[in-house]
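Since the structure comes first, as structure tokens, the remarks are kept for the end.
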2 protein chains.
Amino acid sequence: MIKKIRTTPRREASLSRDRIVEASIELLDRNGEAGLTFRALSERLATGPGALYGHIANKDDLLIAACDAIVARTMSECAIGATPQATLRAMALGMFDTIVAHPWVGSALTRALGQLPIVRLLERTGQQVGALGVPEDEQWAAVSALLSYILGVGGQNAVNGQLARARDIDRSTFLEGLSTTWSQLDPQTYPFTRRVAGRLRSHDDRADFLAGFDFILRGIERSSS
Amino acid sequence: MIKKIRTTPRREASLSRDRIVEASIELLDRNGEAGLTFRALSERLATGPGALYGHIANKDDLLIAACDAIVARTMSECAIGATPQATLRAMALGMFDTIVAHPWVGSALTRALGQLPIVRLLERTGQQVGALGVPEDEQWAAVSALLSYILGVGGQNAVNGQLARARDIDRSTFLEGLSTTWSQLDPQTYPFTRRVAGRLRSHDDRADFLAGFDFILRGIERSSS
DNA sequence: GCCGCCTATGGAACGACGTTCCATGCATGT
DNA sequence: ACATGCATGGAACGTCGTTCCATAGGCGGC
């Protein structure tokens, strides 16, 4: 059973997986994860919802494809550093910035278990960890730790961004509210949380992310030395 | 404007937030995140969907409340170790096992940004990091890194569990499929992924998780020494 | 001990979603 | 030129979260 491929498109700019993915990214960027709808998407592409299913299995498939397009772009853009550490940090920061710019990528990534966008991250991380001199039988643990951290922070930033859009409040006002909520907790059971509540207002997510990434890198280096 | 509180319930076992949360947990454990539905929930509680909104703001609120009940239970159960490191590892492993047992907790946690269940984790982690001797102005970075890692792994395990339930396949057969997919990737662009594909079948998630956690712990100790 | 208020209740209804289905029409092979 | 088969796209289906409102039952005032 050979699957016939139509050589020429039905019309000049007919439906294609790429065109659908591209339009999906625009919708996701404009209105967040809730903005990607088969109705909105078909309207933007001047077609019906049913037509999309000829190129896409379902919504998850579409979301992961859109996510992969963004991740692939980020991977190709972020710099190769002089050392494996520098390259890893550049990749991590690139992903961080990408997720801040496209919060939906963060939540899509957490659902893409083992699929293409994750494999891209896995591969680049694995190559650099190998270049670090980590013994082969310890590489998986190191790579898995770095990836889990990136995905974890990314997921948090995703809700962060989506939440800010939903209530359309500024990020600083959200942190302000969280800070006052935390500072009103019971001093007996939540001393630490109360103590850091004040710092919440002025902290730098990006710097914190990088600091955490460096913790893991140092831990890996120390483990294999 | 004083809010009147009804002193006695309407009936013997009337609706209450606790009863709703308890029933939600049962539904979530039985059928995963898709199993929590206002219709199924109201049927189980012998009431109508509208009645629930007297005790619960919306579905997110309910999901986070259910998540918090589980997290609180885990926090109270996991052991206090002899050293701060041991306590932190016990807490991390406790959360790992909890999310394996209740995969929906993993995805609920990623959406609970700054809310009660997260605060519980934050507080315990913060206290132990303080006990580790980390200087006060470095504690936030350390705690944030540990938490992000736990949430990241948890989120991955969440989809892992939900996916296994959805396709009702064994976890090992899923890994088998992923392994063969990865081993068929292009050797030029995906050498690392191909190399670890074989190891995928036999790896131990729990051990990997603990190894990653220890990377961060070592990195923190090394940083502040 | 009775009655009117007020709130918790629960069933129906609404709008939107993902997905399926099928009549239609165009491009292709003969 | 014709028949065939597939991509198309609009309608329809079932389900979801949420809202609305008629109802009923406990509680305070008499």
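The model shown is predicted, which means the values in this text are computed figures rather than measured ones. All values below come from the heavy atoms of this structure, side chains included, with hydrogens, waters and symmetry mates left out. All chains are named by letter (A, B, ...) in the order of the sequence lines, taking the proteins before the strands, and each is independently numbered beginning at 1.
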(message) Could you measure the distance from the CD atom of A:E123 to the CG atom of B:L185? Nearest 0.5 Å is fine.
(response)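 Atom-to-atom, A:E123:CD and B:L185:CG are 8.5 Å apart.
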
Please give, in whole Å, the distance from [N] [atom2] to [X] [atom1]?
X: B:L45; N: C:dT9; atom1: CG; atom2: P; result: 11 Å
X: A:R44; N: D:dG9; atom1: CZ; atom2: C1'; result: 19 Å
X: A:L15; N: D:dC6; atom1: CG; atom2: P; result: 18 Å
X: B:R19; N: C:dT9; atom1: CZ; atom2: C1'; result: 13 Å
X: B:L52; N: D:dC20; atom1: CG; atom2: P; result: 17 Å
X: B:I20; N: C:dG10; atom1: CD1; atom2: C1'; result: 13 Å

(message) OP1 or OP2 of D:dG9 versus the side-chain N and O atoms of A:T47: is any pair under 4.0 Å?
(response)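 A:T47 to D:dG9 OP1/OP2: side-chain N or O found under 4.0 Å.
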
(message) When you measure from the side-chain N and O atoms of A:H55 to the phosphate of D:dA7, is any distance below 4.0 Å, counting only OP1 and OP2?
(response)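 Result: no.
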
(message) Going by salt bridge (charged side-chain N to carboxylate O under 4.0 Å, His left out), name the residues that satisfy it together with A:D68, two or more places apart in sequence or in a different chain.
(response)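 So A:D68 forms a salt bridge (charged side-chain N to carboxylate O under 4.0 Å, His left out) with A:R120.
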
(request) Mind checking salt bridge (charged side-chain N to carboxylate O under 4.0 Å, His left out) for A:R30 and listing every partner two or more places apart, or none if nothing turns up? (result)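 Result, salt bridge (charged side-chain N to carboxylate O under 4.0 Å, His left out) vs A:R30: none returned.
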
(request) Using a 4.0 Å heavy-atom cut-off, write out nucleotides 12-19 of chain C from 5' to 3' as B (base contacted by protein), S (sugar-phosphate only) or - (no contact). (result) -----BBB

May I have the list of side-chain donor-acceptor pairs in residues 35-46 of chain B shorter than 3.5 Å, sequence neighbours left out?
{"from": "B:S42", "atom 1": "OG", "to": "B:F38", "atom 2": "O", "distance (Å)": "3.0"}
{"from": "B:S42", "atom 1": "OG", "to": "B:R39", "atom 2": "O", "distance (Å)": "2.9"}
{"from": "B:R44", "atom 1": "NH1", "to": "B:E26", "atom 2": "OE1", "distance (Å)": "2.4"}

Would you tabulate the side-chain donor-acceptor contacts of residues 88-99 of chain A under 3.5 Å, counting partners in other chains and residues two or more places apart, or write 'none'?
{"from": "A:R89", "atom 1": "NE", "to": "A:D214", "atom 2": "OD1", "distance (Å)": "2.9"}
{"from": "A:R89", "atom 1": "NH2", "to": "A:D214", "atom 2": "OD2", "distance (Å)": "2.9"}
{"from": "A:D97", "atom 1": "OD1", "to": "A:R206", "atom 2": "NH1", "distance (Å)": "2.7"}
{"from": "A:D97", "atom 1": "OD2", "to": "A:R206", "atom 2": "NH1", "distance (Å)": "2.5"}
{"from": "A:T98", "atom 1": "OG1", "to": "A:T74", "atom 2": "OG1", "distance (Å)": "2.7"}
{"from": "A:T98", "atom 1": "OG1", "to": "A:G94", "atom 2": "O", "distance (Å)": "2.8"}

What side-chain donor-acceptor pairs closer than 3.5 Å can you find for residues 143-160 of chain A, not counting sequence neighbours?
{"from": "A:S148", "atom 1": "OG", "to": "A:S144", "atom 2": "O", "distance (Å)": "2.9"}
{"from": "A:Y149", "atom 1": "OH", "to": "A:F209", "atom 2": "O", "distance (Å)": "2.9"}
{"from": "A:N160", "atom 1": "OD1", "to": "A:R171", "atom 2": "NH1", "distance (Å)": "3.2"}

